Amino acid sequence: MRLAIVTTHPIQYYAPLFRLLAKEPELELKVFYTWSQSGSGAKFDVDFGKMIEWDIPLLDGYDYAFVPNTAKDPGLHHFNGIRNPVLIPDIKKWKADVLLMIGWNFRSHLACMRYFKGRIPILFRGDSTLLDEKPGLKRNLRRIFLKWVYRKVDYALYVGKNNHDYFHIHGMLEDQLLWIPHTVDNERFKGSGVFEQEAKLWRRNLGLSDDDLVLLFAGKLEPKKDPEFMIRLAKEVPDPRLKLIIVGNGKLEGELKRKSTADKRLIFLDFQNQQKMPVVYRLCDIFVLPSVGPGETWGLAVNEAMACKRPVIVSAKCGCAPDLVTEKITGWVFEPGSAGDLKIKAEIENLLNGRSVLVSMGEQAWQRLQPYSYTVAIERVSQLLRTLTVNSQPSTVGNKKAL
């Protein structure tokens, strides 16, 4: 079977999945990148506000092509930013048997779905949720439009509960929904005792003691992730044993540093690349993702922290919350706003008086993450592809016995 994958650009979370799929027997894979960036070298990241070059391989171990993008204003910020006149001919020439689309909201991607619907099976991957929806005419019109879009899809590969509900409300039948977990390289983040030793030395260099309770935020310093939560928490809990680390860069960086000047318990670190992140997460006792949205559709940093055996604090606006976070077992979930801030304040004050529970919570976090692995993802994708091979026709979609 020849599987064509259409996505915009190489990213660190999908590259390992593509490599593993390419190793599957009786499967040929080719990824068609539509943004037409080169796969190597530093790129300016608007959200981080700096040049970023990932330090892990993104193009090794699988076949790929960068499809010329003829958009006048190329990019991911608007529908017409991805325009590839040769995308459909290239996929036809390659003689794909199955098409996996990652995202529909670009001109070429939607055109590709429309063209191949009914010709070959179309699988779809996206992690959108209903978390940021607001009632009204705009929502109703969007629902109608999205039901039309997803009629072009044979199977949606949902990442978790919130994503499942999104596909379901937009017309996808249960028989068309297959769980393929959102995952990171769990084993790389779990690593060995070396990471713990490096983190212990780094903590010492940052002036942190074994008596400190350390919370860590890592990500883009942008409004949707609400990194200012860390500053508010520091004000609510003045205990000198509480330390808070904010890792990353972005448009809020200057404002956050100005607001935290007087509190030496707040520590800022610049963007850290992928190879360093297993050590970064080990700087803390608890990882925090306090996003308010819109658009925190999952939060893969939570997977990474849990793979490092760290419990997590996440807001209910994070798509992963119902799947990964069990209250006081693997972490805590709170509603954004003053009531949620007070809940976490109380939890932190309790932990300052007895934190031994954090070790067992870290172990539980690691155990909870086991189904969210590349191994499980590959097994489930391969199972679906074998089903399609047996049935050979998209008309089998909706046949529960096929799965």
Side-chain angles (χ1 to χ4, degrees), residues 184 186 189-191 195-196 199-200 202-203 206-219 225-248 260 263 265-269 272 277-292 296 299-318 320-321 323-336 340-369:
V184 301
N186 295 340
F189 281 92
K190 181 185 179 185
F195 290 151
E196 293 288 355
K200 188 173 183 178
W202 198 352
R203 280 175 62 117
L206 291 172
L208 303 174
S209 76
D210 293 339
D211 292 330
D212 289 330
L213 177 66
V214 181
L215 274 59
L216 180 139
F217 167 92
K225 293 187 180 294
D226 192 24
E228 191 174 340
F229 172 88
M230 303 289 276
I231 297 174
R232 297 197 302 271
L233 185 60
K235 290 179 180 177
E236 292 289 338
V237 185
D239 193 306
R241 295 171 297 169
L242 176 64
K243 302 296 193 299
L244 304 102
I245 302 175
I246 298 174
V247 182
S260 61
D263 194 337
R265 297 175 303 152
L266 284 151
I267 299 169
F268 286 84
L269 299 175
Q272 303 292 312
M277 288 308 295
V279 181
V280 171
Y281 289 116
R282 286 170 169 83
L283 292 174
C284 74
D285 299 296
I286 306 170
F287 175 72
V288 184
L289 186 59
S291 301
V292 295
E296 193 66 84
L300 281 163
V302 175
N303 295 59
E304 293 176 344
M306 291 173 69
C308 297
K309 297 187 177 181
R310 280 352 186 224
V312 297
I313 295 172
V314 303
S315 85
K317 285 287 189 177
C318 298
C320 69
D323 302 276
L324 296 182
V325 188
T326 303
E327 192 74 13
K328 298 188 179 182
I329 303 296
T330 61
W332 298 265
V333 179
F334 70 98
E335 291 289 340
D341 287 7
L342 287 173
K343 172 187 174 178
I344 300 304
K345 170 183 180 286
E347 296 291 353
I348 295 303
E349 288 174 338
N350 288 336
L351 289 169
L352 283 165
N353 294 320
R355 69 192 73 173
S356 59
V357 67
L358 294 177
V359 175
S360 61
M361 290 181 72
E363 291 293 337
Q364 290 289 337
W366 169 252
Q367 293 302 323
R368 182 69 192 94
L369 203 61

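Note that the structure is a prediction, hence the values are computed from the model and not measured.
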Within the distance-only criterion (no hydrogens, no angle test), does the side chain of [X] pair as donor or acceptor with the backbone N or O of [Y] below 3.5 angstrom?
{"X": "Arg310", "Y": "Cys308", "value": "yes"}
{"X": "Arg203", "Y": "Ser209", "value": "yes"}
{"X": "Ser315", "Y": "Ser291", "value": "yes"}
{"X": "Asp285", "Y": "Val214", "value": "yes"}

So do [Y] and [X] actually touch side chain to side chain, heavy atoms under 4.5 Å?
{"X": "Leu269", "Y": "Leu206", "result": "yes"}
{"X": "Ile246", "Y": "Ile267", "result": "no"}
{"X": "Met306", "Y": "Val312", "result": "yes"}
{"X": "Val280", "Y": "Met277", "result": "yes"}
{"X": "Glu228", "Y": "Val292", "result": "no"}
{"X": "Trp332", "Y": "Ile286", "result": "yes"}
{"X": "Val333", "Y": "Thr326", "result": "no"}

Taking every non-hydrogen atom, the tightest pair across [X] and [Y]:
{"X": "Leu216", "Y": "Phe287", "value": "O-CD1, 3.3 Å"}
{"X": "Val314", "Y": "Ala321", "value": "CG2-CB, 4.0 Å"}
{"X": "Cys320", "Y": "Gly299", "value": "SG-O, 4.2 Å"}
{"X": "Leu266", "Y": "Ser260", "value": "CD1-CB, 3.4 Å"}
{"X": "Leu352", "Y": "Arg355", "value": "O-NH2, 4.1 Å"}
{"X": "Ile245", "Y": "Met230", "value": "O-CE, 3.6 Å"}

Find the distance between [atom1] ([X]) and [atom2] ([Y]) and round it off to the nearest 0.5 Å.
{"X": "Gln364", "Y": "Gln367", "atom1": "CD", "atom2": "CD", "answer": "7.0 Å"}
{"X": "Leu233", "Y": "Arg265", "atom1": "CG", "atom2": "CZ", "answer": "8.5 Å"}
{"X": "Arg368", "Y": "Leu324", "atom1": "CZ", "atom2": "CG", "answer": "6.0 Å"}
{"X": "Phe189", "Y": "Tyr281", "atom1": "CZ", "atom2": "OH", "answer": "6.0 Å"}
{"X": "Asp341", "Y": "Lys235", "atom1": "CG", "atom2": "NZ", "answer": "12.0 Å"}
{"X": "Leu289", "Y": "Ile313", "atom1": "CG", "atom2": "CD1", "answer": "11.0 Å"}

side-chain contact (heavy atoms from CB on, under 4.5 Å) partner of Lys243, the single match among Leu215, Leu208, Leu213, Leu283: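 Single side-chain contact (heavy atoms from CB on, under 4.5 Å) partner of Lys243 among Leu215, Leu208, Leu213, Leu283: Leu208.
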
Salt bridge check, [Y] against [X]: does any charged N sit closer than 4.0 Å to a carboxylate O?
{"X": "Glu327", "Y": "Lys343", "answer": "yes"}
{"X": "Glu349", "Y": "Lys345", "answer": "yes"}
{"X": "Lys309", "Y": "Glu304", "answer": "no"}
{"X": "Asp212", "Y": "Arg241", "answer": "no"}
{"X": "Lys317", "Y": "Glu296", "answer": "no"}
{"X": "Asp210", "Y": "Lys200", "answer": "no"}

Should we say atom CG of Asn353 is surrounded by more than 12 heavy atoms from elsewhere, each under 6.0 Å from it?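 It does: Asn353 CG has more than 12 such atoms within range.
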
Check the pair Asp226 / Arg232 against salt bridge (charged side-chain N to carboxylate O under 4.0 Å, His left out), numbers first and verdict last. CA-CA 10 Å; Asp226 192 24; Arg232 297 197 302 271; 2.9 Å; yes

Just checking Phe217 against Phe268, ring centres under 6.0 Å apart?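 No, they do not, as the ring centres are separated by 6.0 Å or more.
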
